Asker: 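Dropping a structure here in structure tokens format, bear with me for questions.
Treat the numbers as computed from the prediction; the structure is a model and nothing was measured. The chains referred to below are lettered A, B, ... by the order of the sequence lines, with proteins before strands, and numbering in each begins at 1.
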Protein chains: 2
Amino acid sequence: MSGYAPSEAARRSGFSLDTLRYYEKIGLLADVERTSGGQRVFTDDDLGWLVLFRCLRDTGMPIAQMRRYAQLARDGEHTTDERHELLCHHAARVEEQMRLLQRQYDHLREKISFYERPSGTAAGSEAG
Amino acid sequence: MSGYAPSEAARRSGFSLDTLRYYEKIGLLADVERTSGGQRVFTDDDLGWLVLFRCLRDTGMPIAQMRRYAQLARDGEHTTDERHELLCHHAARVEEQMRLLQRQYDHLREKISFYERPSGTAAGSEAG
DNA sequence: GCTTGACCTGGAGCGCGCTCCAGGTTGGAG
DNA sequence: CTCCAACCTGGAGCGCGCTCCAGGTCAAGC
């Protein structure tokens, strides 16, 4: 149930081995277990963190902020308010990001439509 | 109507002066006009390109691909099919990007909800 | 016991997209 | 004519997030 070799953790999380080591090195993952010989053993809990990191990374959170979040979580229950706030601020940024992406996607689609309509007028400057 | 000083072009495009120079240096902007003394003069057409570059950049297109598009446009009418295809492929990637962003945003919102619901069970591993 | 592939460490290197700098030139206001 | 802010060039440097490397260790299968 728990206790994954590095390669298995990489497969399940979608992060590379190097990235897993890197995340530990910079303090995103802390206290990763080891075998007596020193090889890493990832738990389900670690995997849960990795899922969260993927979510935050895919939504554009800088690593420094993920570190902060992880540190707060390690600091205990009394940091829940701050963690909550951190995630909410991030969510707001993501919403803005989604709006911008949608807007620029619409521009792109409009641009594409000029290549598809009969052969008419070139509306915006060059690049028709 | 046309003929903007660098600072004005920067203001209107939202790119920094350094970025405008950089874009010219790497061949995104070509044949930017100059005064007799060598200072740049940006045209409405240049501004149009910059608007396009911002759209492509904001949607995550790598600069190498923007260069390719710009070069094709300079190469003339017979490249319209290829340009169209390039933009369509990019649009498809943007759609995928939007889906991923939405999915991860939903995860994030779910995570946030655990901080907001009464005080119940910690569903996903740690980081509650 | 031996082999072999997965794993370890510390540290250097990379790819991207700018950003900054030094040292010199330009050009419009007064 | 003088001044000074805006501009020029070539090239170095940066911040991010990994990614790769050398040289060595571990552990499961035969």
Asker: How long is the line joining CG of A:Leu50 and P of D:dC18, in whole Å?
Answerer: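 That distance rounds to 12 Å.
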Asker: Would you say D:dT9 has OP1 or OP2 under 4.0 Å from some side-chain N or O of B:Arg34?
Answerer: yes
Asker: Between A:Ser7 and B:Arg21, who's closer to the 5' end of DNA chain C by nearest nucleotide?
Answerer: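 Nearer the 5' end of the strand: A:Ser7.
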Asker: Hey, is the main chain of A:Thr59 close enough, under 3.5 Å, to the side chain of A:Gln97 for a donor-acceptor pair?
Answerer: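 Between the backbone of A:Thr59 and the side chain of A:Gln97 there is a qualifying donor-acceptor contact (under 3.5 Å).
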Asker: Should the pair A:His84 and B:Tyr115 be assigned to parallel (<30°), tilted (30 to 60°) or perpendicular (>60°) ring geometry?
Answerer: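 Ring orientation of A:His84 relative to B:Tyr115: parallel.
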Asker: Whole angstrom is fine here: how far is it from OH in B:Tyr4 over to P in D:dC7?
Answerer: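 Those two atoms, OH and P, are 15 Å apart.
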Asker: Rounding to an integer number of Å, can you tell me how far B:Leu28 CG sits from C:dC16 P?
Answerer: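 Distance, rounded to whole Å: 14 Å.
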Asker: Roughly, in whole Å, what's the span from CZ in B:Arg67 to P in C:dG17?
Answerer: 11 Å
Asker: If the cut-off is 4.0 Å, is B:Thr19 near the phosphate of C:dG17, judged by side-chain N/O to OP1 or OP2?
Answerer: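 No, outside the criterion.
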Asker: In whole angstrom, what separates A:Gln65's CD from D:dG15's P?
Answerer: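 Rounding to the nearest Å, CD of A:Gln65 and P of D:dG15 are 18 Å apart.
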Asker: Starting at atom CG of B:Leu17, determine the distance to atom P of C:dT19, rounded to an integer number of angstrom.
Answerer: 11 Å
Asker: In Å, rounded to the nearest 0.5 Å, how long is the span from CG of B:Leu50 to CG of B:Leu28?
Answerer: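 These two atoms lie 9.0 Å from each other.
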Asker: Which comes earlier along DNA chain D counting from the 5' end, the contact point of A:Gln39 or that of A:Tyr22, where each point is its nearest nucleotide?
Answerer: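 Its nearest nucleotide being more 5', the pick is A:Tyr22.
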Asker: Hey, what do you get for OG (B:Ser13) to CZ (B:Arg54), rounding to the nearest 0.5 Å?
Answerer: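 The distance works out to 6.5 Å.
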Asker: May I ask you to list the residues of residues 55-64 of chain A, by number, that have any heavy atom positioned under 4.0 Å from an atom of DNA chain C?
Answerer: none
Asker: Classify A:Arg40 by what it touches in the nucleic acid, base, sugar-phosphate, or nothing, heavy-atom distance under 4.0 Å.
Answerer: sugar-phosphate
Asker: Find out if a path of hydrophobic residues (ILVMFWY) with successive side-chain heavy-atom gaps under 4.5 Å connects A:Ile112 to B:Leu86.
Answerer: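 A:Ile112 and B:Leu86: one cluster.
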Asker: Using whole Å, what does the distance between atom P of nucleotide C:dG11 and atom NZ of A:Lys25 come to?
Answerer: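 Rounding to the nearest Å, NZ of A:Lys25 and P of C:dG11 are 9 Å apart.
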Asker: Tell me the interatomic distance from A:Leu20, atom CG, to D:dT19, atom P, rounded to whole angstroms.
Answerer: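 Nearest whole value for this atom pair: 11 Å.
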Asker: Under 4.0 Å, counting only non-hydrogen atoms across every strand here, what does A:Tyr23 touch: a base, just sugar-phosphate, or nothing?
Answerer: sugar-phosphate
Asker: Assess whether atom CD of B:Glu116 is packed by more than 12 heavy atoms of other residues, nucleotides or ligands within 6.0 Å.
Answerer: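 Yes, because the 6.0 Å sphere around CD of B:Glu116 holds more than 12 heavy atoms from other groups.
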Asker: Taking the minimum atom-to-atom distance to the side chain of B:Asp18, which one of C:dC7, D:dC18, C:dC20 wins?
Answerer: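 Among the listed nucleotides, the one closest to the side chain of B:Asp18 is C:dC20.
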Asker: Which of these passes ring pair (Phe, Tyr, Trp, His ring centres under 6.0 Å) with B:Phe15: B:Phe53, B:Tyr23, B:Tyr22?
Answerer: B:Tyr23
Asker: Please tell me if A:Ser16 has a side-chain N or O lying less than 4.0 Å from either OP1 or OP2 of D:dT19.
Answerer: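 It does, given that an N or O in the side chain of A:Ser16 lies less than 4.0 Å from OP1 or OP2 of D:dT19.
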